Amino acid sequence: MGHGGDVIAELTSDHREVDELFEQLDNAMPGSERRKQLADALTIELVRHSVAEEQHLYPAVREHLDGGDAIADREVADHARVENLLKDLEERDADDTDFDRLVRELRTEVTAHVADEEHNLFPQLREGVHSYLLESLGEKVREAKKTAPTRPHPSAPDNPAISKLLAPGLGLADRARDYVTGRGQ
């Protein structure tokens with residue numbers, strides 16, 4: 001869940017984990033329980049990552065980068081599309097006719113979002129934000145992921161202050177539900 005380093009290193013490591021989960025999904029037998037387990041693992045990782053970015057990274061983007069509000073708004077909109085796909089995927093079994101289509105759509109959205117962050121946003125952060133702040137943000141992101149929800153909640157507010165209040169409770173409820181159902185084990 002936590003990789004260490006500044007926020008850019010932390011989030012880039014998350015991106016590589018997501019890439020690996022997509023690769024494993026591609027290689028799993030169509031319709032198999034393993035595909036559903038991998039989709040659940042992917043959902044857990046993407047939800048934690050998104051919540052942490054929305055709580056800590058995007059407020060810093062708004063504050064420290066020229067045009068930061070527009071950048072953050074675009075990134076949050078990407079997250080909303082991904083979260084809606086994750087919600088649809090969560091409701092499907094691996095042998096459902098829409099499962100593979102949703103995985104493909106999800107991969108397209110996530111790949112575009114990751115490319116934008118890594119090729120545009122992260123270089124701007126590296127250039128425009130002091131390394132001390134990037135280190136501090138990395139620690140905050142790691143902490144946020146520990147208590148973040150593990151399931152998509154598309155109707156939850158994306159306001160960072162409200163998210164910081166609600167996310168730990170949603171996360172606790174999600175982890176309890178995951179424990180009871182064996183999801184993510």
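Numbering starts at 1 and runs along the sequence shown. Side chains are part of it too, since the values below use all heavy atoms of this structure and drop only hydrogens, waters and symmetry mates. Bear in mind the structure is a predicted one, so any value in this text is a computation, not a measurement.
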Counting N and O atoms only, with roles assigned by atom type, does the side chain of [X] sit under 3.5 Å from a partner on the main chain of [Y], one being a donor and the other an acceptor?
X	Y	result
Lys36	Arg92	yes
Ser13	Ala9	yes
Asp116	Ala112	no

**Q.** All pairs passing salt bridge (Lys or Arg N to Asp or Glu O under 4.0 Å) where residues 22-32 contributes a residue, at least two apart
**A.**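 Of all non-adjacent pairs touching residues 22-32, those that pass salt bridge (Lys or Arg N to Asp or Glu O under 4.0 Å) are Glu23-Arg107, Asp26-Arg107.
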
Could you tell me if the side chain of [Y] sits less than 4.5 Å from the side chain of [X], heavy atoms only?
X	Y	value
Glu75	Glu117	yes
Leu85	Arg81	no
Val61	Leu121	yes
Val7	Val129	no
Leu106	Leu42	yes

Q. Mind checking who shares a hydrophobic cluster with Leu172, ILVMFWY linked at side-chain heavy-atom distances under 4.5 Å?
A.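 Its cluster mates, by chain and number: none.
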
Q | Side-chain hydrophobic cluster, 4.5 Å single linkage: members besides Ile44 | A | none

Quick check for you: to the nearest 0.5 Å, what is the distance between [X] atom [atom1] and [Y] atom [atom2]?
X	Y	atom1	atom2	result
Ser50	Gln55	OG	CD	11.0 Å
Leu125	Ile8	CG	CD1	5.0 Å
Leu137	Tyr132	CG	OH	10.5 Å
His49	Leu11	NE2	CG	5.0 Å
Arg34	Leu38	CZ	CG	4.0 Å
Leu102	Glu91	CG	CD	10.0 Å

Q) Considering residues at least two apart in sequence or located in another chain, which fulfil the side-chain hydrogen bond (donor to acceptor under 3.5 Å, both in side chains) criterion with Glu118? A) His15, Arg16

Q | ring pair (Phe, Tyr, Trp, His ring centres under 6.0 Å) contacts in which one or both residues fall within residues 61-96, not counting sequence neighbours | A | Tyr58-His79, His79-His113

Q: Any chance you could lay out the side chain to side chain contact (heavy atoms under 4.5 Å, CB included) test for Asp73 and Arg62, step after step, and finish with the verdict?
A: CA-CA 9 Å; Asp73 289 346; Arg62 290 180 191 284; 2.7 Å; yes

(Q) Check for me, please, whether Val18 and Phe122 land in the same ILVMFWY cluster - side-chain distances under 4.5 Å, paths through other members count. (A)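 Each belongs to a different hydrophobic cluster.
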
**Q.** Cluster overlap Val51 with Leu46, hydrophobic side-chain contacts below 4.5 Å
**A.**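 Hydrophobic grouping puts Val51 with Leu46.
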
Under the side chain to side chain contact (heavy atoms under 4.5 Å, CB included) rule, collect the residues that match up with [X], sequence neighbours excluded.
X	value
Gln124	Leu65, Ile71, Asn120
Asp100	Arg35, Arg104
Pro152	Thr43, Val47, Glu83, Leu86, Lys87, Glu90, Pro154

Q) Taking 4.0 angstrom as the limit, do Lys140 and Glu143 come out as a salt bridge? A) no

List in chain and number order the residues that pass salt bridge (Lys or Arg N to Asp or Glu O under 4.0 Å) with [X], two or more places apart in sequence or in another chain; answer none if no residue qualifies.
X	value
Glu105	Arg101
Glu63	none
Glu139	Arg142
Arg126	Asp6

**Q.** Greater than 12 external heavy atoms within 6.0 Å of Asp66's CG
**A.**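 Open.
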
Q | For Phe99 against Leu25, the heavy-atom pair lying closest together | A | CE2-CD2, 4.5 Å

